[in-house]
Amino acid sequence: MPATGVEPGDTAWVLTCAALVLFMTPGLALFYAGMVRTRTTLVMLQQNIIPLGVVSIVWILLGYALAFGNDQGGIIGDLELFGLHGARDTSPAPAFHIVSGAITIPTLAFVAYQMMFAIITPALITGATADRLKFGGWVAFVAIWSLVVYSPVAHWLWGVGGWLARLGAQDWAGGMVVHASAGAAVFAVLLVIGRRRGWPHAGSLPHNLPLTIAGAGILWFGWFGFNAGDGLQANDVAAQALLNTHIAAAAGMIVWLIIEKSIDGHATVLGAVTGAVAGLATITPAAGYVTTLSALLIGALAGLVCHLALRLKFTFRFDDALDVVAVHFVGGVLGTLLVGFFASRAVNPVSADGLLTGGGPGLLGDQAVALLSVVVFSFCLTWLIATGVQKTIGLRADPADEHNLDQVQQGMDAYHLDGPAALPGTARPQGTSVASAPVTAAKALPTGRVQLVTCMIDPQHLRADELEQAMLDAGASTIVLSDAHARTPSRRPQIYRGLRREQEFPDRLRVEVLVDADGTAAVLAALDRLAGTRDRYVQEVQQAIVDRDEPAR
C-alpha cells in the first residue's frame, strides 16, 4: 500500500462503481419513459435527467457536508465542508461505519460515489407522479428535498455518529436511505398533487416496452456498482455483494413470472424486468451482509411480496402511475427487515448476526425502529416541501395539459413516425435486376359523379402495394392513408402488471379513395377482399374549383 494510505485498486473500483451508479439514472429514465404515453415521454426523460445537474451542484455545495460532515448530535453534519472546502486534506477518506478496517480511497472518490446515490434517489419518485409535474416545481422540489430529507437520512445511517448507526441499524446500500425514503416521499407528493384525470379508468398502457426493457438492463448493470462498491474496497465482501445482487434479481424475476403465468395466463417480459428490479431493490440493504443462499431467498420473497403489493394503490386509492410503491418502497422495506433475519458476521465482520443466524431479535428490532423513523421523517418533511412548492411556484401541472405535456413543456414530440408509410410493401434485395411489376396509372378526376369511399382497416391485415394496385385497378383517382384509432366491438385486452385493461380504441388505418361513381362497386369489392372490413362508407363529393381571375375578398 502506498505511504499515503490510498490503495490504487480500491480507488479504481470505487470510481468504476460511481460511473455505474451514474449510468443507472438514464437507465431509470428509459425504464420509466417506455411505460408512459407517447405525448409525455420527453417530460419523463427530463424529470429523471434533471437531478444529474441539480443534485450534483447541491451535493457539492452543501449536501455532502450535511450528510458526512462532523456530527452534530447524531442528526446532521456541520458546514465545515461547505463547497468541499478542505475535503482534499482529510486523511485519506471520511470514516464510514459499514466498512471493516482502514479506508483506502481518496475523499473525493467517496464524494463522487455518494453523489450518485443522492442523484438517483429523488428520480425514483417520478415514476409515481407521471403526467402531473411542472418542470420548475420539480426542479425546486428536487433541490430542497435532497438537502432537507436525503442528506439527514444519509447521515443517520451512514455518517460517523449518526443516531441510527449508533443504535445498530444496518443499511448496506440504501434500503432505507434510498428506497424507503423515496417511497415514503411518494405518498406525500401524491397527497399534494392528486390523481390523474379519470384515474383509474383512464390509465394508459406502456407505449414502448423495448425502451423499458433497455432501461431495466441498464439498471441491472448499474446495480452492481450500487451494491458492490459500498464497502469501498475491491475484496471478498464486494464480490459477495455483487453475486448477491445478481442472484436476487434472477430469483425475483422467476418468481414474478411464475405468479403472472398462474394468475394472468401470460409470463410477460414486462413482468420479468419488474420482478428483477423488485429483487434488486430488496437485496440492496442486505447485499454486503448475507450469504448467496440468503440472497436467493430474499429475491424470491421480493418477487412474491412486491407482486402482491401491486393492488395497494387501488385499495388505498393513490395514483402511483408506475408502481414505485409496490416495487421500490415495499422492496426497500422488506429488504431492510430481512437484514434482521439473514445478516451474518461470517460474511462481513462489521455486521451483527440476524435472527436466523444466531444473533437473536436485537438487529431486527433495530431495523424496525430505523425503518419507522426514516419513513415518518421522509413523509412529513416531503409533505411540507411539496405543499410549499405547490402553493408558491406550483408543483402540479395543469390537468388539462397532462395528455400533451411534451408539447406544453418541451415544445416538441418524442416521435415523428409516419404509420402508413411504414406499411409492408414489395421488397427485393438491393442490386437485383428484377423488374418491378407495372402499376396502373391513376385516372383523372371525371367531370361527372365523384364518390369518396372511406373505411377503417386493421393495419396488420394490409399490404401497401396490394392496396395501391387494387384501388388503381378499380378506377381510383386518389388514395389517402392516415393513422386513426377506432372504437370497435372486438376490443383487445391488455394485461399490465396484473391489471387487465380493455383497449377501447385500437390502432386502425383510415383509407380514403376518390373514384368515379361507376367504379365505386369495384373499390368496395377490393376493400372487402383485401381487409374483410364492413366499416365502409360512400359519400358524394364535388371537386373544388377556384376562379383565379376573381379578386380575393
Side-chain angles (χ1 to χ4, degrees), residues 1-25 52 55-56 58-71 77-78 80-121 150-151 154-162 165 170-174 177-178 221-245 284-285 287-289 347-351:
M1 182 182 298
T4 58
V6 172
E7 171 59 50
D10 293 340
T11 303
W13 172 240
V14 172
L15 292 176
T16 300
C17 289
L20 288 172
V21 180
L22 170 64
F23 195 34
M24 292 177 70
T25 298
L52 285 169
V55 178
S56 296
V58 170
W59 182 253
I60 295 302
L61 291 177
L62 196 57
Y64 179 78
L66 295 177
F68 295 102
N70 297 321
D71 178 61
D78 64 17
E80 183 177 340
L81 295 176
F82 175 81
L84 298 187
H85 177 72
R88 289 176 58 90
D89 300 329
T90 57
S91 177
F96 196 39
H97 80 91
I98 68 171
V99 176
S100 175
I103 295 179
T104 56
I105 65 170
T107 298
L108 294 186
F110 182 79
V111 172
Y113 181 63
Q114 287 295 326
M115 178 169 61
M116 305 312 168
F117 285 77
I119 288 169
I120 197 171
T121 302
Y150 181 84
S151 290
H155 184 80
W156 295 356
L157 285 154
W158 290 341
V160 177
Q170 297 181 189
D171 187 3
W172 177 255
V177 177
V178 177
F221 175 65
W223 226 296
F224 292 136
F226 200 86
N227 284 355
D230 285 84
L232 307 183
Q233 296 174 337
N235 59 11
D236 57 336
V237 176
Q240 182 69 72
L242 189 149
L243 183 60
N244 287 347
T245 299
T284 292
Y289 298 132
V347 173
N348 189 337
V350 170
S351 174

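- Separating the CD atom in Gln170 from the OH atom in Tyr289 is a distance of 4.5 Å, to the nearest 0.5 Å.
- The closest side-chain heavy-atom distance from Trp158 to Asp171 is below 4.5 Å.
- Between Leu84 atom CG and Leu62 atom CG the span is 10.5 Å, to the nearest 0.5 Å.
- Nearest heavy atom pair, residue Gly9 against residue Ala234, reads O-CB, 4.4 Å.
- How far CG of Leu66 is from CG of Leu81: 10.0 Å, rounded to the nearest 0.5 Å.
- One distance of note links CD of Gln114 with OH of Tyr150; it measures 5.5 Å at 0.5 Å rounding.
- Nearest heavy atoms, Leu232 versus Ile105: O-CG2, 3.7 Å.
- Counting only heavy atoms from C-beta outward, the side chains of Ile120 and Thr25 approach each other to under 4.5 Å.
- Looking only at distances, a side-chain donor or acceptor of Asn348 sits under 3.5 Å from a matching main-chain atom of Gly288.
- Contact check for Thr16 versus Phe224: no side-chain heavy atoms found under the 4.5 Å cut-off.
- Residues Asp230 and Tyr113 have side chains that bring a donor and an acceptor to within less than 3.5 angstrom of each other.
- Atom CG of Asp10 sits about 3.5 Å away from atom OG1 of Thr104, to the nearest 0.5 Å.
- Using a 4.5 Å heavy-atom cutoff, the side chains of Trp172 and Val237 are in contact.
- Side-chain contact, Thr284 with Trp223: a donor N or O sits under 3.5 Å from an acceptor N or O.
- Closest non-hydrogen pair, Ile119 versus Ser56, comes out as CD1-OG, 3.3 Å.
- Residues Phe117 and Trp59 have side chains not in contact (no heavy-atom distance under 4.5 Å, counting atoms from C-beta outward).
- Between the CD atom in Gln233 and the OG1 atom in Thr11 there is a gap of 10.5 Å [rounded to 0.5 Å].
- Looking at Met115 and Val55, their side chains never come closer than 4.5 Å, going by heavy atoms from C-beta outward.
- Pairing each heavy atom of Thr245 with each of Ala287, the nearest pair is OG1-CB, 4.2 Å.
- Considering every non-hydrogen atom in both Ala228 and Cys17, the closest pair reads C-SG, 4.5 Å.
- The backbone N or O of Ala238 sits less than 3.5 Å from a side-chain atom of Asn235, completing a donor-acceptor pair.
- Between Asp71 and Val160, the shortest heavy-atom contact is CB-O, 3.3 Å.
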